[in-house]
Amino acid sequence: MEPVSPPPDRRPVVAVTLGDVAGIGPEVAVRGALDARVRQQVRPLLVGRPEVVKRAVMLSGLAAEVAVIESAAAIEERFAHDAPERQESLLIPVLVAGGSDVEHVRPGEIDARAGQGAYDALIAAIDLALGGAVDAVVTAPLHKESLRLAGIPLPGHTEVLAERCGAASHAMMLHLPQG
């Protein structure tokens, strides 16, 4: 009798950007990626610098390991062995995006390197979605002044997404569940 293969994991892969590395973005992304309720529904993939994720794990007081993913082609391979019933494993997959200089940005300071890093991670996440490597993109907070200091001519996530996707018009919507 041949062994029975487990059914394919149909949870969507969601790219989560780290946002501004000098702010709360990396910790928010890490906590979300490790939350059991999130992991039951999706397969989170952080997008940014692994060193920043490791620092966020430490600052959050959590015990987790970082699995570095170097390319979009390696995403499916990484998640091929990630079944929902193995969600107790505290492993955070991180697709490398942005320059390594962001790991030297001091927390709480507005810095062009943080703006460039946030932009680079957002562009990488958008490109992953446009290329079909991920099913959705979630963005952590970024700092508009850091973007400006980096020479990014767009004020925030919404405008970067619209430009990269070629949208003729765009709007932002917020949803706040009641109760």
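Excluded from the calculations below are hydrogen atoms, water molecules and symmetry mates; all remaining heavy atoms, backbone and side chain alike, are included.
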Minimal heavy-atom distance between Ala124 and Val47, with the atoms involved, is CB-CG1, 3.9 Å

Glu145/Arg148 under salt bridge (charged side-chain N to carboxylate O under 4.0 Å, His left out): CA gap, chis, key distance, verdict: CA-CA 5 Å; Glu145 182 64 13; Arg148 190 188 67 70; 2.5 Å; yes

Determine, using the 4.5 Å side-chain heavy-atom cutoff (strictly less than), whether Val53 and Val38 are members of one ILVMFWY cluster. yes

Where do Arg43 and Val14 land on the side chain to side chain contact (heavy atoms under 4.5 Å, CB included) test, with the steps shown first? CA-CA 6 Å; Arg43 295 177 286 172; Val14 177; over 6 Å; no

Starting from Ile123, can I reach Leu46 by hopping between I/L/V/M/F/W/Y residues whose side chains sit under 4.5 Å apart? no

Could you measure the distance from the CG atom of Leu130 to the SG atom of Cys165? Nearest 0.5 Å is fine. 4.5 Å

Between Thr17 and Ala140, is there a donor-acceptor pair closer than 3.5 Å when you use the side chain of the first and the backbone of the second? yes

Quick one: do Glu70 and Val68 satisfy side chain to side chain contact (heavy atoms under 4.5 Å, CB included)? Show the steps, please. CA-CA 6 Å; Glu70 296 287 346; Val68 178; 3.4 Å; yes

Where Val137 and Ala129 come nearest, the two heavy atoms and their spacing: CG2-CB, 3.8 Å

To the nearest 0.5 Å, what is the distance between CD (Glu27) and OG (Ser60)? 5.0 Å

Between Val13 and Val42, is a side chain to side chain contact (heavy atoms under 4.5 Å, CB included) present by the stated rule, with each step listed? CA-CA 6 Å; Val13 175; Val42 304; over 6 Å; no

Using modelled atom types and a 3.5 Å cut-off, is there a donor and acceptor pairing between side-chain atoms of Glu163 and backbone atoms of Val160? no

Decide, yes or no, whether a salt bridge links Glu51 with Lys54 under the criterion of side-chain N to carboxylate O below 4.0 Å. no

d(Ser146 OG, Ile152 CD1) to nearest 0.5 Å is 11.0 Å

Could you tell me the separation between the CZ atom of Arg49 and the CG atom of Asp120, rounded to the nearest 0.5 Å? 10.0 Å

Give me the atom names and distance for the closest heavy-atom approach of Gly19 to Ala118. O-CB, 3.5 Å

Return yes when atom CD1 of Ile24 has more than 12 non-hydrogen atoms of other residues, nucleotides or ligands closer than 6.0 Å, and no otherwise. no

Between Leu62 and Val30, is there a side-chain heavy-atom distance shorter than 4.5 Å? yes

Find out whether Glu65 and Ile92 are in side-chain contact, i.e. whether some heavy atom of one side chain is under 4.5 Å from a heavy atom of the other. no

Can you get from Val105 to Val96 by hopping between Ile, Leu, Val, Met, Phe, Trp and Tyr side chains that sit under 4.5 Å apart? yes

To check you understand the geometry: which heavy-atom pair defines the closest contact between Arg55 and Val21, and what is its length? NH2-O, 3.5 Å

Cluster check Leu34, Val94: I/L/V/M/F/W/Y, side chain < 4.5 angstrom: yes

Distance (rounded to the nearest 0.5 Å) between Met172 CE and His170 NE2: 9.0 Å

Between Pro155 and Lys144 the two heavy atoms that sit nearest each other are O-CG, 2.9 Å

Could you report the tightest heavy-atom contact between Ile69 and Pro93, atom names first, then the distance? CD1-CB, 3.8 Å

Between the side chain of Asp20 and the main-chain N/O of Ala114, is any donor-acceptor distance below 3.5 Å? no

Short N-O contact, Arg164 and Asp127, less than 4.0 angstrom: yes

Got a second to check how far Arg39's CZ is from Arg11's CZ, nearest 0.5 Å? 8.0 Å

Do Leu18 and Ile126 sit in the same hydrophobic cluster, where Ile, Leu, Val, Met, Phe, Trp and Tyr count as joined when their side-chain heavy atoms come under 4.5 Å apart? no

Test Leu142 against Leu147 for side chain to side chain contact (heavy atoms under 4.5 Å, CB included), laying out the working first. CA-CA 8 Å; Leu142 53 73; Leu147 281 181; 3.7 Å; yes

